[in-house]
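Working notes for the structure below.
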Amino acid sequence: MSTLKSDFLHELAARGFIHQATDEAGLDRLARHERLTGYIGFDCTAPSLHVGHLVSVMMLRKLQQTGHRPIVLIGGGTTKVGDPSGKDEARKLLSDTEIAANIAGMERVFTKFLSFGHGESDALMINNADWLGSLNYIDFLRDYGRHFSVNRMLTYDSVKLRLEREQPLSFIEFNYMVLQAYDFVELYRRHACRLQLGGSDQWGNIVSGIELGRRTDGAELFGLTSPLLTTPSGAKMGKTAAGAVWLNPDMFAPYDYWQYWRNSEDGDVERFLKLFTELPLKEIDKLANLKGAELNEAKKILATEATALVHGRDAADRAAETARATFEQGEIAVTLPTFEIPRSELEKGWGVLTANTHVGFVASTGEARRQIKSGGIKVNDVAVTDEKRKLTLDDLTPEGVIKLSLGKKRHALIRPV
């Protein structure tokens with residue numbers, strides 16, 4: 001039975017968002033008696049957020065829904081350094097132009113989950129380049145670097161794992177936790193922000209910020225992390241054979257997004273319904289108790305509700321109807337993801353291996369070959385047995401398309417233009 005009394009922490013705990021907290025009781029008291037300001041940082045390494053970011057985004061959404069103020073901290077400054085947490089290799093350094101383009105793409109997602117404005121609980125979007133870009137390095141080291149113990153920094157997982165695997169850790173990456181800690185202090189000074197949220201891999205960075213705030217400003221700051229989600233095989237959630245599950249529709253189609261959730265493992269359904277939908281907990285309990293074939297209905301509800309949050313209710317309903325028409329009625333649903341190619345490609349013959357990489361079913365032709373050997377690739381519902389098979393005009397259906405399938409649940413249409 002949860003002893004948490006604030007609406008914010010009670011909701012997070014009930015839905016499985018809490019992994020660790022620096023002072024849970026103190027944070028609970030603060031959230032009960034004051035309007036709390038909390039933040040999560042997002043570096044700008046790609047033009048879209050992906051499913052792996054969703055837990056963090058949903059935590060900010062819950063913060064706002066319970067009357068508090070969320071801050072989205074865009075890492076325009078820290079992206080130039082690179083967070084080593086959970087990574088074996090240094091990230092590619094991006095130009096200012098690339099970072100700006102990525103920020104624009106990420107903003108499209110945040111506005112779907114949070115209400116921005118100037119009210120007391122309206123969300124703020126802030127770029128840490130505002131203060132990191134103008135730092136005088138010598139002064140910064142003197143004023144803040146002295147509060148960090150290298151001995152302790154070497155014990156943090158983000159550093160220790162890289163060293164244990166004998167992977168290089170650059171000096172610029174080693175600075176990352178100092179800069180992230182300083183972000184927390186700046187947000188406290190500028191916006192009275194007292195809470196940093198993040199994934200469990202950010203624990204060391206968050207604790208460093210709390211300690212820096214105490215030492216420099218005498219501030220009482222708090223940290224809270226969410227569990228790191230993995231698949232039953234132990235892999236990090238949010239990856240497919242073709243790559244990341246992006247949240248922007250131009251990078252990952254709403255239908256494919258719906259299918260991603262529909263394909264959830266049985267044991268993940270309850271957990272995902274709590275984290276990634278806003279269905280009442282009593283309704284989730286009923287869905288989680290379904291067994292066998294009935295559990296598929298719960299997966300469809302999960303897919304539709306999760307897709308509605310990211311892509312809107314209309315897109316979610318269209319995806320659900322497309323899936324129903326494709327699987328239950330055996331039709332070629334015209335709303336399946338459609339890829340247009342020059343007619344000349346089919347006139348000369350378009351390799352089925354290339355076609356599967358083109359529509360994003362697989363990341364490489366090598367993976368496509370393996371799928372063919374296992375009978376996983378179909379053209380117009382007929383299994384492909386020859387890896388040299390080419391798609392031609394003769395494969396066009398009466399609807400003027402070619403249906404390409406991977407397994408039972410991934411489908412796309414090829415349309416010549």
Side-chain angles (χ1 to χ4, degrees), residues 46-48 50-51 101 105 235 238-263 303 307 310-311 315-316 318-417:
S48 171
H50 54 72
V51 160
K239 297 285 186 180
T240 68
V245 180
W246 301 107
L247 303 187
N248 284 0
D250 54 339
M251 296 179 67
F252 201 82
Y255 174 79
D256 288 333
Y257 190 79
W258 190 94
Q259 281 293 339
Y260 172 79
W261 294 106
R262 169 63 181 84
N263 294 340
T307 303
V310 175
H311 297 297
R318 283 196 302 271
E321 175 56 27
T322 296
R324 188 189 68 79
T326 302
F327 304 123
E328 296 175 15
Q329 298 179 0
E331 300 174 359
I332 288 185
V334 293
T335 48
L336 283 173
T338 302
F339 297 83
E340 295 181 342
I341 66 164
R343 191 176 187 84
S344 59
E345 292 287 349
L346 294 182
E347 289 174 348
K348 66 184 180 183
W350 198 40
V352 73
L353 300 178
T354 302
N356 273 270
T357 59
H358 182 79
V359 301
F361 284 170
V362 292
S364 66
T365 55
E367 174 63 19
R369 286 190 182 91
R370 289 189 288 275
Q371 292 290 350
I372 287 175
K373 288 178 181 177
S374 63
I377 290 177
K378 294 181 180 180
V379 173
N380 294 334
D381 298 324
V382 177
V384 176
T385 56
D386 182 3
E387 66 180 48
K388 295 181 180 178
R389 164 87 150 86
K390 292 185 182 296
L391 305 181
T392 69
L393 294 174
D394 292 338
D395 292 309
L396 291 175
T397 66
E399 294 85 1
V401 296
I402 299 172
K403 182 182 176 186
L404 198 62
S405 306
L406 176 64
K408 295 180 179 179
K409 298 175 180 177
R410 297 203 69 187
H411 305 274
L413 302 181
I414 304 295
R415 186 185 304 278
V417 292

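Sequence positions, counted from 1, serve as the residue numbers for this chain. Every heavy atom of this structure was used, including side-chain atoms; hydrogens, water molecules and symmetry mates were not.
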Could you pull out the closest heavy-atom pair between [X] and [Y], with the gap in Å?
X      : Y      : value
Pro337 : Tyr255 : CD-CD2, 3.2 Å
Trp350 : Ala355 : CZ3-CB, 3.6 Å
Asp395 : Lys390 : OD2-O, 3.7 Å
Pro254 : Ala319 : O-CB, 4.3 Å
Ala368 : Leu353 : CB-CD2, 3.6 Å

Give, for atom [atom1] of [X] and atom [atom2] of [Y], the distance between the pair rounded to the nearest 0.5 Å.
X      : Y      : atom1 : atom2 : result
Lys408 : Lys378 : NZ    : NZ    : 8.0 Å
His411 : Leu406 : NE2   : CG    : 9.0 Å
Leu413 : Asn380 : CG    : CG    : 9.5 Å
Lys388 : Arg369 : NZ    : CZ    : 9.5 Å
Leu391 : Ile341 : CG    : CD1   : 7.0 Å
Lys348 : Thr392 : NZ    : OG1   : 14.0 Å

(Q) Looking at Phe252, is its backbone amide N or carbonyl O close enough to the side chain of Asp256 to form a donor-acceptor pair, meaning the two atoms are under 3.5 Å apart? (A)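 Side chain of Asp256 to backbone of Phe252: no pair is present.
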(Q) Using only atom types and a distance under 3.5 Å, with no angle test, would you say the side chain of Ser48 pairs donor to acceptor with the backbone of Trp246? (A)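 Looks like no, no N/O pair under 3.5 Å.
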Any [X] side-chain heavy atom under 4.5 Å of [Y] side chain:
X      : Y      : value
Arg389 : Val379 : yes
Leu346 : Leu396 : yes
His50  : Val245 : no
Leu247 : Tyr257 : yes
Val51  : Trp261 : yes

Q: Would you please test Gln371 and Asn356 for side chain to side chain contact (heavy atoms under 4.5 Å, CB included) and show each step?
A: CA-CA 10 Å; Gln371 292 290 350; Asn356 273 270; over 6 Å; no
Q: Given salt bridge (charged side-chain N to carboxylate O under 4.0 Å, His left out), test Glu321 with Arg318 step by step and report yes or no.
A: CA-CA 5 Å; Glu321 175 56 27; Arg318 283 196 302 271; over 6 Å; no
Q: Could you walk me through whether Val352 and Glu387 pass the side chain to side chain contact (heavy atoms under 4.5 Å, CB included) test, one step at a time?
A: CA-CA 7 Å; Val352 73; Glu387 66 180 48; 6.0 Å; no
Q: Please lay out, stage by stage, how Glu367 and Thr357 fare under the test side chain to side chain contact (heavy atoms under 4.5 Å, CB included).
A: CA-CA 9 Å; Glu367 174 63 19; Thr357 59; over 6 Å; no
